Amino acid sequence: MTALNPAAPAARGSDRLARLRRGRAEDAPWVRPAFLGLLAATGLLYLWNLSASGYANSFYSAAVQAGGESWKAFFFGSLDAANAITVDKPPAALWPMALSVRLFGLGSWQILVPEVLMGVASVGVLYAAVRRRFGAGAGLIAGLVLALTPVAALMFRFNNPDALLALLMTVAAYGVLRALEGGPGAVKWLVGAGVAFGFAFLAKTLQAFLILPPLALVYAVCAPGGLGRRIRDLALAGLALLVSAGWWVALVELWPASSRPYVGGSQNNSFLELTFGYNGLGRINGNETGSVGGGGGPGGGAGGGRWGETGIGRMFNDAVGGQISWLLPAALLLLVAGLVVTRRAPRTDTARAAFLVWGGALLITLAVFSFMAGIFHEYYTIALAPYVAALVGMGASVLWEERTRFAASAALAVTAAVTAWWAWTLLGRTPDWLPWLRWTVLVAGAVAALGLLVSGRVDRRLGLAAAGLGLAAGLAGPFAYTLATVDTGHQGSIVTAGPSGGRGPGGFGGRMPGGFGGRMPEGGQDGQDGQMPGGFDGQGQGQGQGQSQGRMPGGTPPQGTPQGMPQGAPQGGFQGSRGERPGLGGGGGGGMGGLLNGANVGAEAKAALLKDAGSYTWVAATVGAQNAASYQLATEKPVMAIGGFNGSDPSPTLAQFKQYVAEGKVHYFIGSGEGNGGGPGGNSEISAWVAATFEKTTVGSATFYDLTKEK
């Protein structure tokens, strides 16, 4: 007996390893290799050409660099290691990247590989969620659709918070589905879903709660057990959500304001104000105090706002359609079909509950994105990708099982035909890009639809061939867009997937406040070491960086270059003397350009900042996070972002900045443009005081004020 005991754990470990390699005992031999192959292919696809994006969104990369240097900055999500101000989001999405930088040093791969791993994990979790009830084939289809969604390929290779949000929303849906199966451990899965929601809130605040109502409602109605038990389970999950999100919020709110960084994006140094204002209701109604547009309401006329046209067609328009909508019509059709097929099932039927979970998540997110009047960017639509993918996998599986019925085979045929037609329409928006693909998809989809219509009564092999052709036709367009996405570097915060011609008017699919033809960003715009996309140096001089930053075959410019502008042109278009305050110089790129672009940090500027850097808390201060991020990433030293991201946050006040200077904490003020003002005590007063008080010098192409030398 004694001799046998040590062998038991080894045997169990061997069994687990065998199951990992082989999969479930009841699985066909191809299932586990296909799943592992899907994960490996997704990882390789997303890693391809990853370094072409440099520091991607430098706004968040600067915060990652700060978190890699300071645990306090790590906890708060500060823009700099000296903790002047935070990013305008909670910090959970920064934590994996900051830990990577702590372990492996600062660099593009160290920042972006964690995002790639989130993409692979999302595919794996979605596969697991779908295959439990609908089989391995459905799970593989769902995972493949998610991996090849263009906006997913974009954001799982980028450092915005949306990658972590998408992963956690997928995990939350999986937890709810496991809880709906019932059994002794069901409540644990529901509590786990609550924890996922809580940490999703710490990634992107209230957006995490969009799908909470439909998921809670589905559990309350469809879960096994009595109503009292279901309500109790939901209360426990709600408590888990409150704890997992609230611990950080409570610490921030209770932390003395004098010893923590200013909460970026807020006007009163309050995370709760940021949550329910700028990042909350302001996104819905357009009243975003402190926003780049000034927070004056949606505007823009009927059916539109400062952030593009709103309405039910928004997800299908020229700007957004190519990002997410390739299989959106199919998902909606298959949702209806799935609910029809399961309409007579018992209350606790897990197949119908799955359609309600994924369908409810899709519909509510679709509605909010379509009609929200506040800040909206195309890449937000990654939130829809797991829901679309799950419904496609599940719906196709359910109809395939019912294919001997004419209604089911007709529904499959209609889905294939509509998907091919919509892909033909989307590809028609880039007529000069792979023109052959458009007609190939349409013809293949039509043939597949015809085959699916008759195969149920003719031959199973014909049906399999038609289904395979229909799937290939449906995925050909998004796959091509995804390949174009991974072959191109993406920098800044206005990033889109696919070829440059597919982004709608102005390349951004919307219009800036004031009618400048593009959309204002949420983050930085410079590349690695402060280099702006297209190689511009902040003074309008091209550096020939197009090809090195991922120029596509056929002459497609790097992502971030608007249509109608010369390749490499600064996206803000207001650099140098056109955007700067009189007497303040232009090195950082001011006005609208200062919000859109970071600065090019030359060798002379970098050397000046590094000289005696250890004697100062901040080697420099400058208006707006983009300029600050450029200099900080180039030097890896703290740079104060006056006014936060937009330059409009009331931090620091003029009195506070004067005190910092008097105490010798800031070495240089780097001249920049006017930004968004900031009102009394805002950056305009600080800029004016600096210009009137200190000596100005030109360092390379930038304007520096030495705050240790008064006039």
Side-chain angles (χ1 to χ4, degrees), residues 149-152 154-155 160 162 165-166 169 173 204-215 217 279-288 291 293 297-336 356-392 418-419 422-423 425-426 429 478 494-498 502-506 508-511 513 519-520 522:
T149 301
V151 72
L154 172 70
M155 297 313 294
N160 278 22
D162 302 77
L165 179 71
M169 292 295 90
K204 210 173 180 190
T205 58
L206 294 182
Q207 186 179 335
F209 296 161
L210 282 184
I211 69 171
L212 185 58
L215 267 60
L217 181 61
N279 278 340
L281 296 178
R283 301 296 173 109
I284 303 299
N285 59 30
N287 294 315
E288 297 156 314
S291 171
R306 292 174 304 186
W307 308 102
E309 294 299 314
T310 59
I312 195 63
R314 191 180 207 177
M315 297 300 102
F316 302 93
N317 67 23
D318 288 349
V320 183
Q323 310 299 298
I324 187 60
S325 75
W326 299 88
L327 292 167
L328 183 53
L332 295 172
L333 289 171
L334 293 171
L335 169 60
V336 173
L356 291 173
V357 164
W358 295 110
L362 174 65
L363 291 176
I364 195 167
T365 307
L366 188 65
V368 171
F369 283 177
S370 296
F371 292 97
M372 60 188 287
I375 294 175
F376 176 81
H377 295 310
E378 290 90 339
Y379 64 78
Y380 289 0
T381 57
I382 187 181
L384 297 167
Y387 319 145
V388 169
L391 289 169
V392 169
V418 169
T419 301
W422 183 240
T425 301
L426 290 174
R429 295 173 180 175
I494 307 177
V495 289
T496 52
R503 295 195 296 273
F508 300 132
R511 56 182 183 274
R519 183 169 304 145
M520 298 298 291
E522 287 186 87

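From a predicted model like this one, the values you see are computed outputs, not experimental measurements. Hydrogens, waters and symmetry mates play no part in the numbers below; they use all other heavy atoms, side chains included.
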Exercise. If you take all heavy atoms of Val151 and Glu378, which pair is closest and at what distance?
Worked result: CG2-O, 4.2 Å
Problem set entry | Shortest non-hydrogen contact between Pro150 and Ala497, atoms and distance | O-CB, 3.4 Å
Problem set entry | Candidate pair Val388 and Trp326, rule side chain to side chain contact (heavy atoms under 4.5 Å, CB included), full reasoning | CA-CA 10 Å; Val388 169; Trp326 299 88; over 6 Å; no
Exercise. Distance-only, no hydrogens or angles: does the Asn317 side chain make a donor-acceptor pair with backbone N or O of Ala319 under 3.5 Å?
Worked result: yes
Exercise. Closest heavy-atom contact between Leu215 and Ala361?
Worked result: CD1-CB, 4.4 Å
Seminar exercise, completed: Output for pair (Leu327 CG, Thr149 OG1), nearest 0.5 Å, gives 7.0 Å
For this session: Calculate, to the nearest 0.5 Å, the distance between atoms CG and CE belonging to Leu328 and Met315 respectively.
Result: 9.0 Å
For this session: Calculate, to the nearest 0.5 Å, the distance between atoms CG and CD1 belonging to Leu362 and Ile211 respectively.
Result: 10.5 Å
Exercise. Hey, what do you get for CD1 (Ile382) to CG (Leu165), rounding to the nearest 0.5 Å?
Worked result: 8.5 Å
For this session: Answer with yes or no whether the side chains of Asp162 and Tyr379 bring together a donor and an acceptor at under 3.5 Å.
Result: no
Seminar exercise, completed: What one should report as the nearest heavy-atom pair of Val418 and Pro329 is CG1-CB, 3.9 Å
For this session: Hey, can you tell me if Trp422 and Phe316 have their rings parallel, tilted or perpendicular (30° and 60° cut-offs)?
Result: perpendicular
Problem set entry | CZ on Phe371 to CG on Leu366, rounded to 0.5 Å | 8.5 Å
Problem set entry | Min side-chain heavy-atom separation Thr381-Phe376 under 4.5 Å | yes
Exercise. Quick one: are Leu363 and Leu335 in side-chain contact, heavy atoms under 4.5 Å?
Worked result: yes
Problem set entry | Separation between CG of Leu391 and CG of Leu384, rounded to the nearest 0.5 Å | 11.0 Å
For this session: Check Tyr380 against Gln207 and note the closest heavy-atom contact, atom names and distance.
Result: O-NE2, 4.4 Å
Exercise. Is there a donor-acceptor pair under 3.5 Å between the side chain of Arg314 and the backbone N or O of Val320?
Worked result: no
